[in-house]
Amino acid sequence: MPLLFLRSALCASSSAASPPFAAANVANNSSSLSSSDLSVAALLSSCRSLRSLEKIHARIIRKGLEQHPVLATRFLSLCAAFAASAYASAAFDRISAPNLIIWNSLLAAHARHSPLSTTVALFNLLRRRSPLPPDAFTFPSLLSSCSQSAAFAVGSSVHATILRCGLESDVYVGTSLIDFYGKCHDVGSARKLFDSLLHRNEVSWTAMVVCYLSSGELAPARSLFAEMPQKNVVTWNAMIDGYVKSGDLVSARELFDEMPKRNTVSYTTLIDGYAKAGDLASARFLFEQSTERDVFTWSAMISGYAQNGRPGDALKIFLEMYNKNIKPDEFIVVGLMSACSQLGSLILAKWVDSYVRTSSLDISKTHVLAALIDMNAKCGNMERACSLFESMPTKDLITYCSLMQGYSIHGAGEKAVKLFCRMLKEELVPDHVSFTVLLTACSHAGLVEEGKKYFELMKNAYSIVPSADHYACMVDLLGRAGRLAEAYDLIKSMPVEPHAGAWGALLGACKIHGDIALGETIAKRLFEVEPTNAGNYVLLSNIYAVKDRWADVWEVRSMMRRKGIRKVPGCTWI
DNA sequence: CAGGCTGCAT
């Protein structure tokens, strides 16, 4: 798209016979900026979006300033900022004799947003074609590309080149090397470089602190942090993130409260930490405290709620953000879709689906697509879920499970089983989650023999040790089918401690099939495991009620009163 | 004379 734009702009401004920039070359041989050129420079420095950069580019071409080295450099830097590396290359290719600075700018644009192989290829081109050999500005971006991919071999050879060029003692180069070795988990080499650096700034120190943190060495990280002559927000944030990732939210919070200045990263890091630890109250408190919020901050709060089973709150935060005209990114949309899945609302799902479709977000990214399929499946739009599923080039376990679960929820157990078979044919290896989904589907659809078959298959063919969940599924399956004794035998034979779900499933089955004796036994166990769950008491009293044993009904009710257990209205969906 | 580089959340 940018390339097409460039072509049409060029065609419009030049005759077909002469190269588009031939005249401009002559005009700008003295590389000083005239007053009208300065206006373009001013435009570049106030440029805030790719759209406006494209407009400025057109102006540059029209004025014949395409060859101007300073303008070209600024232009390429902006391409880097807007992640438009292809656009950068297209513009670069029009520059007849790029100097080293321009080469460096192009390399930086690719280092951030292109694969390492592309960046390395570009670096090799630079070495052959640039009028000057690479300098201290060349290597930092190349190395950061190596760091991103943790490409030890490539980075090491770059290091060798740096030594040959005699650039190892440059702060920027040295810092990039420290970061590179850190990202490759070679803390020793990183530390050696750090100690050998004559000039260090807070970036070098921070890079070293991050090295320790990313290999889990909290103590040396903290003492280096304490030793630092200068710290800035990034340093504090890095240290806080280290504590968050190690699960020490108390230390993280102490630093957060202590730091002199906070930015959105500071808030987001801690909000995310609290949310992942399930402390949504603290997360929300900080969220409310944060005056500036970016997409990361909103996303942390939205997915925090979604991942902790509070879809309604996730939705509320999303709407608050939406009303502020902030553009959601893919992560926010994934959180939103996960909230919708939990709510199971078809209307909401349809709105979100069409919203995502019309937005400029990239739906084909696997996690977005997975969330979209999951949402549609769980909200009952199986047609849409299926067509999205079929559009996937390679299907994964997670997506198969989403679809199977969709069928299961909506009573089409046979289809879930069929899908499972197809999954096996595609040579995907089911894990314990897939079997939980499959067995649940079998139990919902009353497919007793299938369920038993797959339970055995799981143990024998896939060597998966059945979890309490798997047993609960099987107990439910057998119980619903009226095979209460078999279910009870299974629960008694469990090598793991049965959880309330298994007992509850059996108690429910006792109610359906009116087995009072077994019901009483089960209920007794269940009251031990889950003494405060009103549902269990209600279930037992209902078992009595079906057989008109009103005295026993009364006894259960009074037991509830004695224990101070209250029935939650409208919450009897087991 | 100008213009290019490194470290923290996804």
Side-chain angles (χ1 to χ4, degrees), chain A residues 30-33 37-38 41 44-45 68-81 88 98-109 111-112 126 130 132 134-147 167 170-180 182-183 190 193-194 197 199-211 213-214 225 228 231-245 252 255 259 262-273 275-276 293-300 303 329-332 334-335 365 367-368:
Chain A
S30 73
S31 52
S32 66
L33 287 167
D37 305 344
L38 279 171
L44 281 172
S45 38
H68 198 289
V70 176
L71 293 180
T73 304
R74 285 212 194 159
F75 174 81
L76 292 175
S77 303
L78 285 167
C79 287
N99 62 26
L100 178 60
I101 297 178
I102 294 174
W103 272 104
N104 284 343
S105 306
L106 179 69
L107 188 73
R112 276 205 171 284
L126 178 152
S130 163
L132 292 172
D135 65 3
F137 284 86
T138 314
F139 293 101
S141 38
L142 178 60
L143 280 169
S144 99
S145 188
C146 297
S147 306
L167 291 168
D170 178 84
V171 213
Y172 281 79
V173 176
T175 302
S176 306
L177 279 169
I178 291 169
D179 181 57
F180 162 72
K183 293 278 170 4
L193 274 154
F194 177 78
L197 268 189
H199 305 286
R200 305 168 188 150
N201 55 24
E202 63 257 51
V203 182
S204 332
W205 283 84
T206 305
M208 195 60 231
V209 169
V210 170
C211 282
L213 290 176
S214 51
F225 178 81
M228 284 177 70
K231 300 182 192 62
N232 57 28
V233 223
V234 178
T235 322
W236 286 90
N237 289 343
M239 196 65 225
I240 289 171
D241 186 55
Y243 279 125
V244 167
K245 291 228 165 80
L255 283 183
M259 68 195 289
R262 289 174 273 270
N263 63 13
T264 55
V265 180
S266 329
Y267 280 94
T268 305
T269 304
L270 205 48
I271 289 171
D272 202 53
K276 292 226 164 77
R293 293 171 193 161
D294 58 14
V295 276
F296 291 85
T297 323
W298 289 99
S299 179
S303 41
D329 66 0
E330 52 185 284
F331 295 93
I332 288 175
V334 168
K365 289 203 173 169
H367 62 296
V368 180

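So you know, we letter chains A, B, ... as the sequences are listed, proteins then strands, and number each from 1.
Between A:His68 atom NE2 and B:dG3 atom P there is a gap of 12 Å when expressed in whole angstrom units. In this structure, A:Ile178 atom CD1 and B:dG7 atom P are separated by 12 Å, rounded to whole Å. Atom CG in A:Leu270 sits about 12 Å away from atom P in B:dT10, given to the nearest Å. To the nearest angstrom, P of B:dC5 lies 10 Å from CG of A:Leu78. A:Asn104 has its CG atom 6 Å from the C1' atom of B:dG4, to the nearest Å. Atom CG in A:Asn99 sits roughly 9 Å away from atom C1' in B:dG4 (whole-Å rounding). Summarising the geometry, the separation between CZ on A:Phe75 and P on B:dG3 is reported as 18 Å, rounded to the nearest angstrom. Across the protein-nucleic acid pair, A:Arg74 atom CZ and B:dC1 atom P stand 17 Å apart, rounded to whole Å.
Each of B:dC5, B:dG4, B:dG7 was ranked by its minimum atom distance to the side chain of A:Arg112; first place goes to B:dG7. Distances were taken from every side-chain heavy atom of A:Thr264 (C-beta onward) to each of B:dA9, B:dG4, B:dG7; the shortest belongs to B:dA9. Among the nucleotides B:dG7, B:dG3, B:dC8, the one closest to any side-chain atom of A:Asn237 is B:dC8. Of the candidate nucleotides B:dC8, B:dA2, B:dT10, B:dT10 has the atom nearest to the side chain of A:Ser299. Proximity note for A:Val203 (side chain, C-beta onward) versus B:dC8, B:dT6, B:dG4: the nearest is B:dT6. Candidate nucleotides B:dG4, B:dC8, B:dG3 were compared by shortest atom distance to the side chain of A:Leu100, and B:dG4 ranks first. For A:Val234, the listed nucleotide lying nearest its side chain is B:dC8; candidates were B:dG3, B:dG4, B:dC8. Listed candidates were B:dG7, B:dC5, B:dA9. Nearest to the side chain of A:Lys245 is B:dA9. The side chain of A:Ser176 lies closest to B:dT6 when the candidates are B:dT6, B:dG4, B:dG3. For A:Glu202, counting side-chain heavy atoms from C-beta on, the closest listed nucleotide (B:dG7, B:dC8, B:dG3) is B:dG7.
Within 4.0 Å (heavy atoms only), A:Thr297 reaches no atom of the nucleic acid at all. When heavy atoms are screened at a 4.0 angstrom cut-off, A:Asn263 is found touching no nucleic acid atom at all. Residue-level contact check: A:Lys231 touches neither bases nor backbone, having no heavy atom under 4.0 Å from any strand. Among the protein residues, A:Ser105 comes within range of the sugar-phosphate backbone only, with heavy atoms under 4.0 Å from sugar or phosphate atoms but none that close to a base. Using a 4.0 Å heavy-atom distance criterion, A:Ala111 is classed as making no nucleic acid contact. The residue A:Asp294 sits close to a base: some heavy atom pair falls under 4.0 Å. Base contact: A:Val265 has a heavy atom under 4.0 Å from a base atom.
Where stacking is scored as ring centres under 5.5 Å apart with planes under 30°, A:Trp236 does not register as stacked on the base of B:dC8.
Within the 3.5 Å criterion, the main-chain N or O of A:Ser45 finds no donor-acceptor partner in the side chain of A:Arg74. Remark: the backbone N or O of A:Thr138 is paired with a side-chain donor or acceptor of A:Asp135 at under 3.5 angstrom.
With hydrogens and angles ignored, a donor-acceptor pair closer than 3.5 Å exists between the side chain of A:Asn232 and the base of B:dG7. Judged by atom type and distance alone, A:Asp135 reaches the base of B:dG4 through a side-chain donor-acceptor pair under 3.5 Å.
For B:dT6, neither phosphate oxygen OP1 nor OP2 lies less than 4.0 angstrom from any side-chain nitrogen or oxygen of A:Lys183.
Under the rule for a side chain to side chain donor-acceptor pair (under 3.5 Å), the partners of A:Ser204 that lie at least two apart in sequence or sit in another chain are A:Thr175, A:Asn201. Taking A:Arg293 as the reference, A:Ser290 meet the side chain to side chain donor-acceptor pair (under 3.5 Å) condition, with sequence neighbours excluded.
Figure legend: A:Arg262 and A:Trp236 shown without cation-pi pairing, the cationic atom not lying both under 6.0 angstrom from the six-membered ring centre and within 45 degrees of its axis.
No option in A:Asn263, A:Thr264, A:Thr268 other than A:Asn263 meets the side chain to side chain donor-acceptor pair (under 3.5 Å) test with A:Ser266.
Contact annotation: the side chain of A:Leu107 approaches that of A:Leu142 to within less than 4.5 Å [non-hydrogen atoms, C-beta and beyond].
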